[in-house]
Amino acid sequence: MSIDERHLPLYHAFLEQGLESWLARLPEQLARGLDRQRFGDLPAWERAVRRLPALEVQDVHLTQDTVSVEVAMDDASRRQCDNLLKILAPWRKGPYRIGDITIDTEWRSDWKWQRIAPHLSNLTGRRVLDVGGGNGYHGWRMAGAGAGFVLVIDPSPRFYWQFHAMRHFIGDAGANVHFLPVGIEEVPPNLAAFDTVFSMGVLYHRRSPIDHLRELYDTLRPGGELVLETLVVEGDEHQVLVPGERYAQMPNVWFLPSSKALMHWLSRVGFDSPRVVDEADTTLDEQRATEWMTFQSLADFLDPEDPSRTIEGYPAPRRAVVIAQKP
Ligand SMILES: C[S@@+](CC[C@H](N)C(=O)[O-])C[C@H]1O[C@@H](n2cnc3c(N)ncnc32)[C@H](O)[C@@H]1O
């Protein structure tokens with residue numbers, strides 16, 4: 001398989017990080033993850049990103065709630081950027097700002113980061129994997145917190161191009177953040193390479209949650225840290241909800257454990273000292289429709305008579321963050 005020059009920075013980063021065992025699989029993984037036959041909108045997204053104008057960047061902020069790029073833009077460039085970025089909509093994870101264009105995303109992903117960041121081992125210089133990292137919003141924040149190398153993996157090609165739209169503006173300030181359009185199942189087994197691994201909003205989409213935890217375990221080096229964020233229900237360590245066809249209108253939700261059950265699962269797969277560092281209901285201010293995500297959102301998925309239930313009658317979304325160590 002020939003090597004696409006656009007991906008050279010990713011290959012170089014893998015070499016530099018000593019990820020040779022994965023490197024050999026990259027050409028095939030990239031080709032499949034960005035296959036135009038599978039994803040009809042891909043050419044339009046790619047074209048949109050390639051047409052973003054080269055602007056003079058004055059500053060980049062990866063430590064602020066809104067991942068922001070200070071650029072001087074005239075009216076024509078502003079309109080051009082706005083139109084091209086809208087081709088990549090819906091924008092779910094953010095917020096972002098480029099010049100005076102604010103991408104007000106469906107999720108206030110910064111709120112999740114605020115709940116998690118105080119509990120993390122210092123990320124400075126660490127090698128980080130963000131599994132199911134969406135369009136990379138948290139990946140940029142990890143770099144802002146000092147991570148030495150951040151790899152975001154997510155099988156969504158739309159998110160791949162949203163990431164590259166931001167990368168276009170962020171430039172060298174985010175040169176250590178990379179995106180690979182694959183799912184966790186494509187990560188080579190027993191990698192034992194990362195200092196910190198995040199899995200946020202992914203576990204409940206997995207049909208086999210214990211296997212997901214084991215896959216995450218295998219990506220970590222001994223002594224590495226797992227940060228797991230997922231939907232939970234109230235209850236003791238035996239409490240797990242397996243919803244019917246849909247949960248809050250999502251068709252692919254499998255297991256919602258209590259946070260105590262989740263800690264039990266983590267111990268069973270071999271993690272040390274799992275601890276719940278946060279548990280919170282998802283509010284209508286954190287997940288909502290915006291100009292950049294105009295479809296239905298959380299308000300449409302809750303029972304209008306009783307917002308503590310989903311429209312299917314299950315407990316409304318509540319999320320926990322658990323941190324654990326690989327011995
Ligand atoms: C609810 S979103 C969470 C995004 C982000 N981590 C956050 O917390 O805001 C779940 C993400 O998991 C991704 N995903 C789906 N299947 C996956 C898989 N097999 N491996 C990794 N990520 C997956 C989806 O594309 C989606 O971006």
Side-chain angles (χ1 to χ4, degrees), residues 29 32-34 38-39 41-42 45 65 67 88-96 103 105-117 120 128-142 150-163 166 177 179-189 191 194 196-216 218-219 226-232 246-256 278 280 282-283 286-288 292-293 295 297-298 301 317-323:
Q29 291 186 340
R32 195 150 23 88
L34 301 173
R38 284 175 63 209
F39 308 108
D41 288 330
L42 257 171
W45 298 331
D65 292 343
V67 167
L88 303 172
W91 284 79
R92 295 191 183 276
K93 312 295 174 181
Y96 296 106
I103 304 181
T105 48
E106 177 189 20
W107 281 88
R108 290 296 307 263
S109 310
D110 51 322
W111 294 8
K112 186 181 287 192
W113 188 247
Q114 283 165 16
R115 291 194 291 266
I116 290 173
L120 299 175
V128 177
L129 177 67
D130 188 10
V131 175
N135 64 24
Y137 171 84
H138 292 123
W140 301 119
R141 299 300 307 273
M142 291 164 200
V150 181
L151 179 61
V152 178
I153 61 169
D154 196 294
S156 159
R158 184 194 302 275
F159 290 162
Y160 174 88
W161 283 111
Q162 289 183 354
F163 171 85
M166 289 313 300
V177 185
F179 190 115
L180 188 60
V182 300
I184 177 82
E185 57 285 0
E186 305 266 4
V187 177
L191 206 59
F194 291 92
T196 306
V197 172
F198 292 82
S199 166
M200 303 193 286
V202 178
L203 184 83
Y204 52 87
H205 289 315
R206 303 302 288 157
R207 267 184 300 198
S208 181
I210 306 282
D211 287 341
H212 180 63
L213 298 181
R214 189 67 214 188
E215 285 165 343
L216 295 169
D218 287 347
T219 62
L226 173 71
V227 183
L228 187 89
E229 192 259 8
T230 193
L231 287 168
V232 291
R246 284 178 182 263
Y247 171 85
Q249 283 300 286
M250 287 185 282
N252 52 352
V253 175
W254 295 95
F255 288 84
L256 277 63
D278 186 77
T282 305
T283 67
E286 184 167 357
Q287 185 191 8
R288 74 276 188 259
W292 292 80
M293 200 304 291
F295 301 115
S297 190
L298 183 58
F301 307 149
R318 179 173 179 79
R319 294 173 169 262
V321 181
V322 182
I323 295 187

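Remember, it's 1-based here, ligands and their atoms both numbered in the order they're listed.
- At a 4.0 Å heavy-atom cut-off, ligand 1 touches Phe159 through the side chain alone.
- Counting only heavy atoms from C-beta outward, the side chains of Pro95 and Asp110 approach each other to under 4.5 Å.
- Ranking the protein heavy atoms by distance from atom 27 (O) of ligand 1 puts Asp154 OD2, 2.5 Å first.
- Nearest protein neighbour of atom 16 (N) of ligand 1, counting heavy atoms only, is Pro155 CG, 3.8 Å.
- For ligand 1 and Tyr204, the ligand atoms under 4.0 Å from any heavy atom of the residue are 1 (C).
- Close contacts between ligand 1 and Glu185 involve ligand atoms 18 (C), 19 (N) [criterion: under 4.0 Å to a heavy atom].
- Side-chain contact annotation: Gln287 with Thr282, donor-acceptor N/O pair under 3.5 Å absent.
- Close placement of the Trp140 and Phe163 rings is indicated, their centers lying within 6.0 Å of each other.
- On a distance-only criterion, Arg206 and ligand 1 share at least one N/O pair closer than 3.5 Å.
- Here the protein heavy atom with the shortest distance to atom 5 (C) of ligand 1 is Gly132 O, 3.4 Å.
- Within the model, atoms CG of Asp130 and CZ of Phe198 stand 7.0 Å from one another, a figure rounded to the nearest 0.5 Å.
- Summarising the geometry, atom CG belonging to Leu226 is positioned 7.5 Å from atom OG1 belonging to Thr219; distances are rounded to the nearest 0.5 Å.
- Among all non-hydrogen protein atoms, the one lying nearest atom 10 (C) of ligand 1 is Gly201 O, 3.2 Å.
- Atoms of ligand 1 found under 4.0 Å from any heavy atom of Lys112 (numbered from 1 in listed order, with element): 7 (C), 8 (O), 9 (O).
- The closest protein non-hydrogen atom to atom 3 (C) of ligand 1 is Met200 O, 3.3 Å.
- Residue His138 places a heavy atom less than 4.0 Å from ligand 1.
- Considering Leu203, Leu231, Ile184, Val182 only, the shortest heavy-atom separation from atom 20 (N) of ligand 1 involves Ile184.
- Side chains of Asp278 and Arg319 form no contact here, defined as non-hydrogen atoms less than 4.5 Å apart.
- Using a 4.0 Å cut-off between heavy atoms, Trp113 makes no contact with ligand 1 at all.
- Under a 4.0 Å N-O distance rule, the pair Arg115/Glu286 qualifies as a salt bridge.
- Using a 4.5 Å cut-off on side-chain heavy atoms (C-beta onward), Asp154 and Gln162 make no contact.
- Nearest heavy-atom pair, Met293 versus Pro90, reported as atom, atom and distance to 0.1 Å: CG-CB, 3.6 Å.
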